[in-house]
Amino acid sequence: MVAGLSDNRGMQPTRIVCSVSQALIGVWLAFAATLAQAEISEALSYRYYAGANEPGVPLFESLVRATPVRIAGRPFLGHTAWHITWDLRWRRGNDGRCTLERIRTHLKATITLPQKAPDDSRAAAAFPRFVNALREHEMGHVDIARETARAIDDRIWQLPTMPNCGALEMAANNLGQRLLHEARQQGLDFDRRTGHGRSTGVVLTE
């Protein structure tokens, strides 16, 4: 089994929230002027794991055993999972045509990183450099997700009035899914260019 340094999972199921409610349209229009027409929010969190301080066991091997991230049976020491969701509100005219009134786009990302046990003296100098480099690499994946969230928000907001709300919903979701697909490829290219971070210092030596 070969352990990987970093794995990005922007492909996790993306929840798409598309709301249309004729009953809410009037209420929405009453206070729409007080809200931004397009909004992007973000939540970034970290989770950590530590290897056991076992005599004679190298730190790298201990972390490989401890990491909770396993993709297709392969352990990864670093990991970024992100999800992008978008919530739409629209207005239906008397002629049935549909115009986008608001989009709220949300990015949620979680970075998983290793840490040493408090009493573990292995690789005392090298480990902080390794973790910092791994964190920077994972933030590269988060940046790709951020750019994608902005692109989804911008591009969906530019959609024209559609003949009906079903057509507007389909156009928005198809556009969002296409941009997500492009982001997944960008993540793969990023890992390929950097050797999953090795070229930027993600190397642990003891």
Side-chain angles (χ1 to χ4, degrees), residues 1-17 39-54 57-87 104-153 179-180 183-206:
M1 180 183 297
V2 179
L5 293 174
S6 166
D7 182 68
N8 169 241
R9 277 296 178 270
M11 271 310 294
Q12 305 232 350
T14 300
R15 179 171 54 90
I16 303 171
V17 183
E39 303 174 28
I40 302 177
S41 60
E42 175 185 317
L44 174 61
S45 61
Y46 290 85
R47 68 170 181 165
Y48 297 91
Y49 66 93
N53 189 2
E54 304 173 80
V57 178
L59 178 56
F60 183 86
E61 182 179 338
S62 177
L63 294 175
V64 168
R65 295 178 183 178
T67 176
V69 182
R70 279 172 166 72
I71 309 298
R74 183 184 179 189
F76 287 87
L77 301 191
H79 178 259
T80 299
W82 54 263
H83 306 264
I84 297 173
T85 62
W86 52 92
D87 178 66
R104 287 179 176 172
T105 305
H106 181 68
L107 166 63
K108 180 180 179 181
T110 302
I111 295 177
T112 300
L113 294 172
Q115 63 183 8
K116 291 196 303 178
D119 59 344
D120 194 341
S121 62
R122 295 171 296 180
F127 188 74
R129 292 195 298 270
F130 165 72
V131 172
N132 286 338
L134 183 55
R135 182 183 293 106
E136 286 300 312
H137 177 79
E138 299 305 331
M139 284 303 301
H141 286 295
V142 174
D143 286 341
I144 291 173
R146 284 171 172 161
E147 292 172 3
T148 301
R150 284 194 293 268
I152 288 173
D153 199 86
L179 292 172
L180 289 177
R184 293 192 291 269
Q185 188 58 52
Q186 291 174 28
L188 293 173
D189 293 342
F190 177 60
D191 277 335
R192 190 177 301 112
R193 289 196 312 272
T194 63
H196 293 270
R198 291 182 180 86
S199 67
T200 55
V202 186
V203 179
L204 179 59
T205 57
E206 299 185 54

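These numbers come from a predicted model, not from an experiment. The first residue of the sequence shown is numbered 1, and numbering continues consecutively from there.
- Annotation for Leu59 and Ala123: closest pair CD2-CB, 4.0 Å, computed over non-hydrogen atoms.
- Nearest approach of Tyr48 to Pro114, heavy atoms of both residues: CD2-O, 4.4 Å.
- With salt bridges taken as basic N to acidic carboxylate O contacts below 4.0 Å, none links Glu42 and Lys108.
- Looking only at distances, a side-chain donor or acceptor of Asn53 sits under 3.5 Å from a matching main-chain atom of Asp119.
- Between the OH atom of Tyr46 and the OG1 atom of Thr110 there is a distance of 10.5 Å, given to the nearest 0.5 Å.
- The main-chain N or O of Ala52 is found under 3.5 Å from a side-chain atom of Ser62 such that the two form a donor-acceptor pair.
- Contact between Ala66 and Gly51 at its shortest, heavy atoms only, is CB-CA, 3.8 Å.
- For Pro128, there are no side chain to side chain contact (heavy atoms under 4.5 Å, CB included) partners two or more places apart in sequence or in a different chain.
- Separating the CD1 atom in Ile111 from the CD atom in Glu138 is a distance of 6.0 Å, to the nearest 0.5 Å.
- In this structure, the side chain to side chain contact (heavy atoms under 4.5 Å, CB included) partners of Pro68, at least two apart in sequence or on a different chain, are Arg47, Tyr49, Thr112.
- For the pair Arg146/Leu107, a side-chain contact is recorded, criterion being any heavy-atom separation below 4.5 Å from C-beta on.
- In this model, no donor atom of one side chain and acceptor atom of the other lie less than 3.5 Å apart for Asn132 and Arg129.
- We find the CD-CG distance between Gln115 and Asp120 to be 11.0 Å, quoted to the nearest 0.5 Å.
- Checking side-chain atoms of Ser199 against main-chain N and O of Gly195 turns up no donor-acceptor pair under 3.5 Å.
- In plain terms, the two heavy atoms of Ala109 and Val142 that are nearest each other are CB-CG2, 4.3 Å.
- Using modelled atom types, one finds a donor on one side chain and an acceptor on the other under 3.5 Å when comparing Gln185 with Asp189.
- Taking CG from Leu63 and CZ from Phe127, the interatomic distance works out to 5.5 Å, rounded to the nearest 0.5 Å.
- Remark: the backbone N or O of Arg122 is paired with a side-chain donor or acceptor of Lys116 at under 3.5 angstrom.
- Side-chain N or O atoms of Thr67 include none that pairs as donor or acceptor with a backbone N or O of Val64 at under 3.5 Å.
- In this structure, the separation between CE on Met139 and CG on Leu134 is 12.5 Å, given to the nearest 0.5 Å.
- The shortest distance between side-chain heavy atoms of Leu180 and Ile152 falls below 4.5 Å.
- Using cut-offs of 30° and 60° on the angle between ring planes, the pair Phe190 and His137 is parallel.
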Carefully, step by step, assess Arg150 and Ile40 under the rule side chain to side chain contact (heavy atoms under 4.5 Å, CB included).
CA-CA 7 Å; Arg150 284 194 293 268; Ile40 302 177; 3.7 Å; yes
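- Minimum interatomic distance between Thr148 and Ala183 (heavy atoms only, all atoms of both residues): OG1-CB, 3.1 Å.
- A donor-acceptor pair shorter than 3.5 Å can be found between the side chains of Ser41 and His106.
- From Asp153, atom CG reaches atom CG of Leu179 across 11.0 Å, with rounding to the nearest 0.5 Å.
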